[in-house]
2 protein chains.
Amino acid sequence: MNLRQQKALQTKRKISKVALELFNKKGFSNVTVDEIIEKTGTSKGAFYNHFKSKHDIFLEKFKEIDNFYVDELLPKLDPQESAKEKLKKFFFMQMIYIEKDLGWDVIRTIYENELNTERESFFLIPDRPLYQILYSLCVDGQKKGEFREDLTPEQMVTIFTRMIRGILYDWSINKGEFSLKGEQEALFDVVIRGLMK
Amino acid sequence: MNLRQQKALQTKRKISKVALELFNKKGFSNVTVDEIIEKTGTSKGAFYNHFKSKHDIFLEKFKEIDNFYVDELLPKLDPQESAKEKLKKFFFMQMIYIEKDLGWDVIRTIYENELNTERESFFLIPDRPLYQILYSLCVDGQKKGEFREDLTPEQMVTIFTRMIRGILYDWSINKGEFSLKGEQEALFDVVIRGLMK
DNA sequence: TTGACAAATAGACTATAGTCTGAGAAATTA
DNA sequence: TAATTTCTCAGACTATAGTCTATTTGTCAA
C-alpha cells in the first residue's frame, strides 16, 4: 500500500469513526453529512468518494455481521449436536450480537435503506455467508432425519430468513423496546416445530 | 359539511387521485411533490395541509386494507370451518388483495415509511382491525382444541404478524418478483404446524 | 527529473422534501 | 351586517442528501 492509499484509508476511517460515534450519540437521522465532514475536517468530495451514501457507513458496519457469523459464531457450534439445537444457538447468539453490538438504530437504518429501489440490495446477495451457514444446517438436519423432507433446504433457508426479517423489522419499528433474544426464541420454537418431522 | 369543507375535500381528493396515478405510472420515488402540485394546479401549502408527507398519501390508501379485511374478507369465512382453515383463507385472500390491488411499490413505501423514527407507526396501533380479527381466530382455534395452549392468543397474533412482516418485507426488496400468495402459503403451513397441538 | 496520468479532495451547485408566513375567503359571533 | 376568527391555500424559504467540476497531490514510466 503506497502513501496515497494510506492517506485515503486514514480519511475513510476517520469519517467512519466519527460518523458512527455521532450516529450512536444522536441517532442516524439527527446527524447530517455536513456535520460529519465538519467534525472530521474533510469535505463532501472525500465523503462521497468513500461512501456511496450516508446509509452506506452503516452498511459497512452491518456487513461485519457476516464475519461475525463465520469467525465467532460458527466455531462455537458443536457438530455433534442436533441441527435443531445448532440453529437455536446460532439464532440466539445472533440476536445477542445484534441487540448488544449493533442496536436497533443500525438495524432500522439498514432495513430502511434496503427498501430503496435505487441501489442493489445487500440482503439479496445469494452467497452471503449467513445463507450458506443456514443452508448447511438445514441440510444437516435433513440428513440426521430431524427435519421434514418435503421441503428443500433452500425453502427452509427462505423461511428462516423471513422469520428473521419479520422479527427484526418489528423490533426496529418498536425502537428496540422488546427483548430480541426472548421473542426470537419464541418465534423460532414455533417455526422449528413446523419444520421437524 | 359546509362549502369550505367541500372545497377542501375536493382539493384533497384531486391531489390524492393524481398522485396515486403518477405513483402507479412512474413509481413512488420518481414522482416529486412539485410535479404533483403542478399537475393538480395546487400548491405546497395545499398539499401539506392535507397530507403529513409524500408517504402519507400511500398510507391513506393502505389504511383501506383494514376496511377490506372487515367488510370483504371476514364475511367470507365460514364459522363452521376449523380455525386453521379460516386463517389460511384469510391470509390467502389478503395476499391476493395486496398483490393485485396494492402492489409492491405501495407496500415498499409503507414499510419504508414505518421505519421513520419521526412519526408514530400505523403498524403499532394495537386495536387495528387486523389484529382483532387474528386475535379472535386464535381464540377460536384454542377453544376448538386445535391450537397449543401454552401460548396466549396475543403471542400467536404476534407470531402471525411477524410472519406477515417478514414475507412482505422480503417481497418488497424483491420488487414483487415472487408470488406472494404462493410463498405466503408455504410459510403459513410451517407456522401453523408449529402452533397446532 | 519530468511530464502524463490517476486518485483524492474541496467546495460550489442541484434536487427535492418539508416549513413558514401571509393573504383571502368562508364561517361565526355580536 | 360588521367585526372577528379560522380554515385553506399560495409560494417563498430552509434543510439536507447527493452530484459535478476543478484542483491538488502522489505515482509511475521514460
Side-chain angles (χ1 to χ4, degrees), chain A residues 1-20 22-23 26-60 105 108-110 112-120, chain B residues 1-20 22-23 26-60 105 108-110 112-120:
Chain A
M1 185 154 56
N2 62 34
L3 180 60
R4 186 143 82 178
Q5 287 170 316
Q6 274 175 39
K7 275 192 179 175
L9 190 63
Q10 218 176 320
T11 307
K12 180 169 183 175
R13 289 238 176 87
K14 188 162 57 177
I15 291 173
S16 178
K17 183 168 170 284
V18 170
L20 288 170
L22 285 169
F23 293 158
K26 308 167 61 173
F28 179 78
S29 46
N30 299 315
V31 179
T32 66
V33 175
D34 283 338
E35 188 180 355
I36 296 166
I37 63 177
E38 191 249 302
K39 284 250 164 69
T40 50
T42 58
S43 67
K44 278 280 170 74
F47 187 95
Y48 284 99
N49 184 42
H50 291 297
F51 301 99
K52 283 205 289 284
S53 70
K54 194 180 140 193
H55 279 105
D56 198 39
I57 298 184
F58 261 4
L59 190 58
E60 293 233 333
D105 197 44
R108 209 204 88 238
T109 307
I110 298 297
E112 190 186 349
N113 184 233
E114 291 286 311
L115 286 172
N116 266 251
T117 340
E118 326 303 335
R119 355 193 152 274
E120 76 293 0
Chain B
M1 184 152 59
N2 62 35
L3 180 61
R4 190 146 77 177
Q5 288 171 315
Q6 275 175 37
K7 276 192 179 172
L9 190 62
Q10 218 176 321
T11 307
K12 180 169 182 174
R13 289 237 177 86
K14 187 161 59 177
I15 290 172
S16 178
K17 182 168 171 284
V18 170
L20 287 170
L22 285 170
F23 292 158
K26 307 167 61 172
F28 180 77
S29 47
N30 299 317
V31 179
T32 66
V33 175
D34 283 337
E35 186 179 356
I36 295 167
I37 63 177
E38 190 249 303
K39 284 250 163 72
T40 50
T42 59
S43 68
K44 279 279 170 75
F47 186 96
Y48 284 98
N49 185 42
H50 292 296
F51 301 98
K52 284 205 290 282
S53 69
K54 194 180 140 193
H55 280 105
D56 199 40
I57 298 184
F58 262 4
L59 189 58
E60 293 233 332
D105 198 42
R108 208 203 88 238
T109 307
I110 299 297
E112 189 185 350
N113 185 233
E114 291 286 311
L115 286 172
N116 264 251
T117 341
E118 327 302 337
R119 357 195 151 272
E120 76 294 1

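Letters go in sequence order (proteins before strands), and every chain restarts at 1. All values reported here derive from a predicted model rather than from experimental measurement.
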Measure the distance from [atom1] on [X] to [atom2] on [N] and round it to the nearest whole Å.
| X | N | atom1 | atom2 | answer |
| --- | --- | --- | --- | --- |
| B:Leu3 | D:dC7 | CG | P | 15 Å |
| B:Gln5 | D:dC7 | CD | P | 10 Å |
| B:Ile37 | D:dC13 | CD1 | P | 15 Å |
| A:Met1 | C:dA7 | CE | P | 16 Å |

Which pair of heavy atoms, one from [X] and one from [Y], lies closest together, and at what distance?
| X | Y | value |
| --- | --- | --- |
| A:Met1 | A:Gln6 | O-NE2, 3.4 Å |
| B:Leu115 | A:Arg108 | O-NE, 2.6 Å |
| A:Glu35 | A:Asn30 | OE1-O, 4.0 Å |

Among [options], the one nearest [X] by side-chain distance:
| X | options | value |
| --- | --- | --- |
| B:Thr32 | C:dT16, D:dG26, C:dG18 | C:dT16 |
| A:Ser53 | D:dG18, D:dA17, D:dA10 | D:dG18 |
| B:Ala8 | C:dA7, C:dT9, D:dT8 | D:dT8 |
| A:Thr42 | C:dA10, D:dA10, C:dT16 | C:dA10 |
| B:Asn2 | D:dG18, D:dA10, C:dA27 | C:dA27 |
| B:Arg4 | C:dT9, D:dT6, D:dC9 | D:dT6 |
| B:Asn49 | D:dT8, C:dT19, C:dG11 | D:dT8 |

Taking the six-membered ring of B:Phe47, is NZ or CZ of B:Lys54 closer than 6.0 Å to its centre and within 45° of its axis?
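That pair does not qualify as a cation-pi contact.
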
Can a side chain N or O of [X] be found less than 4.0 Å away from OP1 or OP2 on [N]?
| X | N | answer |
| --- | --- | --- |
| B:Lys44 | C:dA17 | no |
| B:His55 | C:dA17 | no |
| B:Ser43 | D:dA10 | yes |
| A:Lys54 | D:dA17 | yes |

Non-hydrogen side-chain atoms of A:Leu59 and A:Phe51 separated by less than 4.5 Å:
no

